[in-house]
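Notes for the one structure printed next.
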Amino acid sequence: HYRRARPGGAVNDALPEPATETEPDLPDLRPAVRRFLDQLSSEHREALLATEWEGLTQAAYAARLDLSLPAAKSRVLRARAELKRLLDECCQFELDRRGTIVEAIPRTPTSAENSDCICRLPPLRPDLHP
């Protein structure tokens with residue numbers, strides 16, 4: 001009964017297309033991270049390279065260096081914190097609602113001239129800065 005009562009009109013083609021969220025152009029942090037890695041202690045640099053870039057688990061990293069698992073986890077945590085501190089000293093990062101970096105803004109005018117700083121790149125979203 002209800003199926004027969006439904007109007008058989010055509011679908012309105014004037015409906016707007018569903019909004020698709022496009023990925024913004026993200027800043028390339030790789031050159032800055034590579035330079036900041038060189039500023040870390042050899043222990044911290046090795047911990048980050050093994051776990052983040054080589055893809056080792058922290059347990060495998062601990063076994064490789066004959067460390068206890070808590071010691072390896074602590075070393076990786078301290079290395080990440082030190083790298084974050086170096087990046088934060090250079091730039092203020094603007095994040096989107098998902099926590100993705102969308103822009104790097106110099107903390108001081110001289111940091112933009114610092115060759116190690118990612119902030120020397122122009123802003124990616126000029127609409128946010130008049």
Side-chain angles (χ1 to χ4, degrees):
H1 170 73
Y2 290 105
R3 279 188 241 156
R4 284 189 209 136
R6 185 173 32 174
V11 176
N12 186 356
D13 290 333
L15 291 176
E17 290 293 320
T20 58
E21 197 170 314
T22 59
E23 289 292 320
D25 292 332
L26 302 176
D28 185 11
L29 296 176
R30 291 176 295 194
V33 170
R34 285 185 193 115
R35 287 188 294 255
F36 286 136
L37 277 173
D38 291 338
Q39 295 179 23
L40 298 177
S41 69
S42 61
E43 251 181 26
H44 289 168
R45 182 175 41 254
E46 181 184 350
L48 283 179
L49 290 174
T51 58
E52 301 296 333
W53 280 271
E54 292 177 26
L56 284 180
T57 63
Q58 292 180 1
Y61 172 68
R64 177 195 278 185
L65 295 179
D66 198 28
L67 294 171
S68 67
L69 182 57
K73 287 183 175 187
S74 177
R75 187 176 291 181
V76 170
L77 184 66
R78 286 191 307 265
R80 287 178 182 161
E82 182 66 14
L83 182 60
K84 182 181 184 307
R85 184 190 64 77
L86 288 170
L87 286 167
D88 281 343
E89 282 178 359
C90 168
C91 306
Q92 175 183 348
F93 294 100
E94 184 178 318
L95 308 175
D96 66 6
R97 61 186 164 92
R98 293 184 199 149
T100 304
I101 296 172
V102 293
E103 188 173 6
I105 304 163
R107 291 225 179 254
T108 63
T110 57
S111 69
E113 298 164 6
N114 182 354
S115 64
D116 291 338
C117 187
I118 190 66
C119 297
R120 60 191 166 86
L121 299 175
L124 294 174
R125 298 182 55 195
D127 58 315
L128 295 177
H129 300 284

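Keep in mind that the numbers below use all heavy atoms, side chains included, and drop hydrogens, waters and symmetry copies. Index from 1, following the sequence.
Checked for salt-bridge contact, Glu52 and Arg80 meet the test: a charged N lies under 4.0 Å from a carboxylate O. Electrostatic pairing of Glu89 and Arg85 counts as a salt bridge here, judged by a charged N lying under 4.0 Å from a carboxylate O. The residues Glu54 and Arg64 are annotated as salt-bridged, a charged nitrogen and a carboxylate oxygen being separated by less than 4.0 angstrom.
Following chains of ILVMFWY side-chain contacts shorter than 4.5 Å, one can reach Leu67 starting from Val76, so the two form part of one hydrophobic cluster. Grouping the Ile, Leu, Val, Met, Phe, Trp and Tyr side chains by contacts below 4.5 angstrom, directly or via other members, places Leu87 with Trp53. Tyr61 and Leu37 sit in two unconnected hydrophobic clusters of ILVMFWY residues. Membership requires side-chain heavy atoms under 4.5 Å apart, directly or through other members.
The neighbour count for Asp38 CG, taken as heavy atoms of other residues, nucleotides or ligands under 6.0 Å away, is above 12.
For the atom pair CD (Glu82) and CD (Gln39), the distance works out to 9.0 Å, reported to the nearest 0.5 Å. To the nearest 0.5 Å, the span separating CG on Leu56 from CD on Gln58 amounts to 10.5 Å. Rounding to the nearest 0.5 Å places CG of Leu48 at 11.5 Å from CZ of Arg75. Separation of atoms CG (Leu86) and SG (Cys91) is listed at 11.5 Å; rounding is to 0.5 Å. Atoms OG1 and CD, on Thr100 and Glu94 in that order, are 12.0 Å from each other to the nearest 0.5 Å.
Side-chain atoms of Thr51 come within 3.5 Å of backbone atoms of Ala47 as a donor-acceptor pair (strictly under, hydrogens ignored).
Between Arg45 and Ser42, some side-chain heavy-atom pair lies under the 4.5 Å cut-off.
Contact between Ala72 and Ala62 at its shortest, heavy atoms only, is CB-CB, 3.5 Å.
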